[in-house]
Number of protein chains: 2
Amino acid sequence: MKPTIRDVAKMAEVSISTVSRVMNAPESVIESKRVRVLEAIEKLQYQPNSFARGLIYKKSFTLGLLIPDIENFYYTGIIRGMQDACIKLGYSLMICNTDRDKNRLLSYIDAFHEKQVDGIVFASDVMFPEYYEKLVRCRIPFVLLSTHSDEYDVPSVEIDDEAAAYDAVKFLIDLGHEDIGMIGFNHENSISGPPRYQGFIRALSEAGLEHNGNKVKNATHRFEHAYHAAHELFTEHPELTAVFCVADEFAMGVISYLKDRNVLVPGQVSVVGFDNLRVANMFIPKLTTIAQPMYDMGYRAAEKLHEWMTTGSVEVLRERMSHKLIVRESSRQR
Amino acid sequence: MKPTIRDVAKMAEVSISTVSRVMNAPESVIESKRVRVLEAIEKLQYQPNSFARGLIYKKSFTLGLLIPDIENFYYTGIIRGMQDACIKLGYSLMICNTDRDKNRLLSYIDAFHEKQVDGIVFASDVMFPEYYEKLVRCRIPFVLLSTHSDEYDVPSVEIDDEAAAYDAVKFLIDLGHEDIGMIGFNHENSISGPPRYQGFIRALSEAGLEHNGNKVKNATHRFEHAYHAAHELFTEHPELTAVFCVADEFAMGVISYLKDRNVLVPGQVSVVGFDNLRVANMFIPKLTTIAQPMYDMGYRAAEKLHEWMTTGSVEVLRERMSHKLIVRESSRQR
DNA sequence: AATCGCTTTGAAAAGGTTTTCTTGAAAAGG
DNA sequence: CCTTTTCAAGAAAACCTTTTCAAAGCGATT
């Protein structure tokens with residue numbers, strides 16, 4: 001049997017109240033007894049029962065993280081950041097991977113509710129009313145990460161997708177490219193899809209290159225889709241000399257497609273990615289891309305959630321992290 | 001305030017015992033009262049308090065997973081498999097990323113102990129006596145994944161590293177290569193390092209190519225290290241026409257190095273990786289590699305843990321999953 | 001009519017901790 | 001030397017549920 005506070009008390013020959021005090025307010029118990037208790041704790045390898053504690057504090061000291069796809073490299077950085085923040089804050093972390101499945105997500109919220117997690121970080125998905133209402137009914141505080149909500153006032157942490165996309169496209173334009181395509185996210189069920197498309201359009205308009213506005217194909221998160229989209233894009237628009245991709249995985253898909261067609265990157269076509277995943281620096285050619293501070297975003301989301309949980313309010317509702325263009329080998333002067 | 005069983009009892013005008021029975025043994029309470037209780041539960045959105053329940057059942061219905069490096073693509077497949085198994089078994093999953101830090105791992109075990117997880121899957125790391133003893137002292141059942149222990153009798157799930165390495169090297173030999181190098185794992189703190197090296201040696205010996213036995217450099221998990229190791233390997237042994245890498249990330253590092261030296265892969269040098277990560281199929285060239293069934297391994301590890309937890313024993317102590325050579329573009333006939 | 005057995009229900013204990021309340025002893029003050 | 005104050009530490013209540021035990025009600029059997 002796991003030792004309880006009673007066993008410690010017996011071994012140290014004090015009452016259980018004293019043992020409890022040693023753990024929660026050590027100064028209030030006299031040194032001689034304190035060391036006896038500490039020794040007993042050490043000897044028994046005593047660890048307080050978190051169920052009993054939770055019953056009293058009504059807190060689990062656990063945060064939940066909901067991500068759409070753990071096989072997407074984007075989230076590993078987020079997880080690391082959030083986990084480090086959790087350690088700092090004294091919380092545990094429970095990660096759930098929804099596989100972009102609505103029912104699965106809903107049932108994870110139930111699980112979180114039952115396990116009494118103290119708060120949830122909800123990453124990347126659209127905040128549908130069903131989710132929102134369920135979360136509110138369960139009285140679980142939550143913040144949004146890499147997504148936001150126009151309908152509800154929910155704290156969020158994200159980058160400025162429109163500006164980031166603008167910067168990427170502007171960079172290609174400054175390189176002299178005049179025929180620029182794009183591989184985007186499908187707009188339905190996507191938060192970052194529309195603003196990134198708008199950034200693309202704004203950069204084109206400013207440079208008088210509106211004729212590229214419809215040279216866009218969408219894909220759904222995976223390499224294979226991007227490969228396929230690249231095929232469609234270049235079949236319709238063989239004149240393209242540059243492609244802006246809203247994800248590094250898409251950029252890899254595009255480059256693979258071009259490679260299979262014996263088109264040189266960046267020799268004949270420049271490709272810019274998005275996210276700056278760890279692979280962006282391992283791919284051949286290394287990807288020019290928009291860097292998102294994934295680690296910091298995960299960290300910050302946890303801090304913000306904590307702020308929200310403890311104070312009931314939040315300094316900035318919608319927090320913007322800064323992005324940065326990283327120039328590597330997949331882009332070149334026209 | 002969250003409603004309790006008392007509130008439900010009051011509203012339904014029965015005792016709390018009756019409410020509890022409605023939830024745990026519905027047939028034992030007469031229909032009229034049962035519907036009253038059910039209505040009250042519905043109206044109050046009552047959800048039993050898992051702390052109180054845990055206190056009684058002494059179970060958290062949560063499993064823990066300890067992985068060394070969440071940024072290593074290898075583990076995402078494992079996580080998915082284990083998570084699916086957990087859903088099937090009715091458990092939640094708590095993932096902790098140790099960053100290969102001993103103290104961090106130890107403190108995660110404490111956290112698991114405190115949170116009373118019912119069992120742990122311990123992935124990839126060496127089972128040091130400290131860990132083992134701590135786990136045993138905490139009385140937490142655990143199984144090993146992609147690792148095993150010679151000293152202790154602990155259930156484990158892994159592939160046959162020696163045979164897998166042998167297969168990879170044999171494949172290169174059959175392709176006509178006679179000068180074969182290897183990028184391995186440092187042997188200290190590595191479980192799969194030595195057997196994979198032995199597989200390499202056995203394949204060489206069988207073919208009378210022992211002279212390659214020392215053309216080995218080791219690296220520590222990351223791309224950059226492998227790049228550097230490749231530099232050392234080819235500086236010392238420029239005659240090499242093939243390299244066996246014990247990780248896909250190493251293969252990418254080697255190929256990147258060769259690319260920077262204008263050596264063609266697979267034109268001049270063949271490279272074989274290990275793991276068959278999702279990127280292996282996205283890299284240029286696509287990697288020839290040894291596939292491990294990561295998803296199945298994660299799934300199986302959870303099942304095995306459950307078997308161990310519930311029955312106190314396990315059918316096969318050390319379970320071997322099968323690997324498979326996948327031939328893609330990074331290798332070629334000599 | 002009395003006893004037995006069955007079903008249904010409520011009261012109460014148990015599970016491990018924190019915290020409030022109380023008590024006893026020692027220190028301080030006159 | 002006696003009273004007051006302070007401090008340390010124990011007893012007990014509270015947190016919420018499940019489960020055991022006992023009792024009550026009721027039909028059936030003798």
Side-chain angles (χ1 to χ4, degrees), chain A residues 1-41 44-62 90 113-118 138-139, chain B residues 1-38 40-41 44-62 110-118 138-140:
Chain A
M1 277 310 308
K2 235 191 123 183
T4 73
I5 199 172
R6 268 200 176 68
D7 302 316
V8 177
K10 201 180 294 174
M11 176 176 281
E13 299 180 304
V14 296
S15 74
I16 59 168
S17 325
T18 303
V19 177
S20 177
R21 271 186 278 260
V22 168
M23 295 186 304
N24 300 299
E27 346 66 53
S28 76
V29 22
I30 217 159
E31 170 137 20
S32 62
K33 298 202 179 182
R34 186 170 43 198
V35 300
R36 288 217 308 273
V37 169
L38 257 11
E39 278 170 15
I41 287 178
L44 291 170
Q45 284 281 315
Y46 166 72
Q47 177 106 61
N49 182 314
S50 67
F51 297 131
R53 269 195 159 148
L55 208 48
I56 289 168
Y57 291 137
K58 298 171 192 309
K59 285 197 64 177
S60 61
F61 291 97
T62 301
H113 183 206
E114 199 215 309
K115 290 264 153 67
Q116 326 237 1
V117 302
D118 302 323
C138 294
R139 301 183 193 71
Chain B
M1 276 311 308
K2 237 189 122 183
T4 74
I5 199 171
R6 264 197 179 68
D7 303 316
V8 177
K10 202 181 294 175
M11 176 176 280
E13 299 181 303
V14 297
S15 75
I16 60 168
S17 323
T18 303
V19 177
S20 177
R21 271 186 276 261
V22 167
M23 295 184 307
N24 299 299
E27 345 64 54
S28 75
V29 21
I30 217 158
E31 171 137 19
S32 62
K33 300 203 178 181
R34 186 170 46 202
V35 300
R36 288 216 309 273
V37 169
L38 257 11
I41 287 177
L44 291 170
Q45 285 279 319
Y46 167 73
Q47 173 116 48
N49 182 315
S50 67
F51 296 130
R53 270 195 158 151
L55 209 48
I56 290 168
Y57 291 137
K58 297 174 191 310
K59 283 199 66 177
S60 60
F61 291 98
T62 301
D110 278 333
F112 281 158
H113 184 204
E114 199 215 309
K115 290 265 152 69
Q116 326 237 2
V117 303
D118 302 323
C138 294
R139 299 179 194 73
I140 309 180

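Computed from a prediction, not measured in an experiment: that's the story for all the values here. Labels below follow one simple rule: chain letters A, B, ... track the order of the sequence lines, proteins then strands, and each chain is numbered from 1. In what follows, every heavy atom counts, from backbone to side chain, and hydrogens, waters and symmetry copies are set aside.
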If you pin B/Ile16 and B/Phe51 to their nearest nucleotides in DNA chain C, which one's is more 5'?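 Its nearest nucleotide lies further toward 5', so the answer is B/Ile16.
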Side-chain donor/acceptor pairs under 3.5 Å, residues 23-30 of chain A, sequence neighbours excluded:
residue: A/Asn24; atom: ND2; partner: A/Ser20; partner atom: O; Å: 2.9
residue: A/Asn24; atom: ND2; partner: A/Ser20; partner atom: OG; Å: 3.4
residue: A/Ser28; atom: OG; partner: A/Ala25; partner atom: O; Å: 2.9

With a 4.5 Å heavy-atom cut-off, do A/Gln116 and B/Lys2 have their side chains touching?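 A/Gln116 vs B/Lys2: side chains touch.
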Mind listing the residues from residues 17-35 of chain B sitting with a heavy atom below 4.0 Å of DNA chain C? Number order is fine.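 Only B/Ser17, B/Thr18, B/Arg21, B/Val29, B/Ile30, B/Lys33 qualify.
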Check side chain to side chain contact (heavy atoms under 4.5 Å, CB included) between A/Lys10 and all other residues, then give those that pass, not counting sequence neighbours.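 Testing A/Lys10 for side chain to side chain contact (heavy atoms under 4.5 Å, CB included), a comparison that skips the adjacent residues, returns none.
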List the residues meeting side chain to side chain contact (heavy atoms under 4.5 Å, CB included) with A/Glu39, not counting sequence neighbours, and say none if there are none.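 Checked A/Glu39 against side chain to side chain contact (heavy atoms under 4.5 Å, CB included); zero matches.
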Starting at atom CD of A/Glu13, determine the distance to atom P of D/dG10, rounded to an integer number of angstrom.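 Going from CD in A/Glu13 over to P in D/dG10 covers 11 Å.
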Spacing between A/Gln116 atom CD and D/dC15 atom P, to the nearest angstrom: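 That distance rounds to 15 Å.
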Excluding sequence neighbours, so at least two apart, what forms side chain to side chain donor-acceptor pair (under 3.5 Å) with [X]?
X	result
B/Ser50	none
B/Asp7	none
A/Glu114	none
A/Lys115	B/Thr62, B/Ser92

So if I take residues 53-62 of chain A and measure heavy-atom distances to DNA chain D, which residues fall below 4.0 Å?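 Under 4.0 Å from DNA chain D: A/Leu55, A/Ile56, A/Lys58.
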For the helix from C/dA1-D/dT30 to C/dG30-D/dC1, how many degrees between its two end axes (five pairs per end), to the nearest 10°?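 Comparing the axis at each end, I get an angle of 60°.
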Kindly compute the distance separating [atom1] ([X]) from [atom2] ([Y]), expressed to the nearest 0.5 Å.
X	Y	atom1	atom2	answer
A/Arg6	A/Ser15	CZ	OG	10.5 Å
A/Leu44	A/Ile5	CG	CD1	12.0 Å
B/Glu13	B/Lys33	CD	NZ	10.0 Å

Under the ring pair (Phe, Tyr, Trp, His ring centres under 6.0 Å) test, residues paired with B/Phe61 that sit two or more places apart: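 In terms of ring pair (Phe, Tyr, Trp, His ring centres under 6.0 Å), with neighbours along the sequence ignored, B/Phe61 is linked to B/Tyr91.
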Check every nucleotide of DNA chain C for an atom under 4.0 Å from a heavy-atom of chain A, then give the first and the last such nucleotide from 5' to 3'.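 Nucleotide range with atoms under 4.0 Å of chain A: C/dG16 to C/dT20.
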For the side-chain contact (heavy atoms from CB on, under 4.5 Å) test, which of A/Val8, A/Val22, A/Val19 pairs with A/Val14?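 Per the side-chain contact (heavy atoms from CB on, under 4.5 Å) rule, the option paired with A/Val14 is A/Val19, out of A/Val8, A/Val22, A/Val19.
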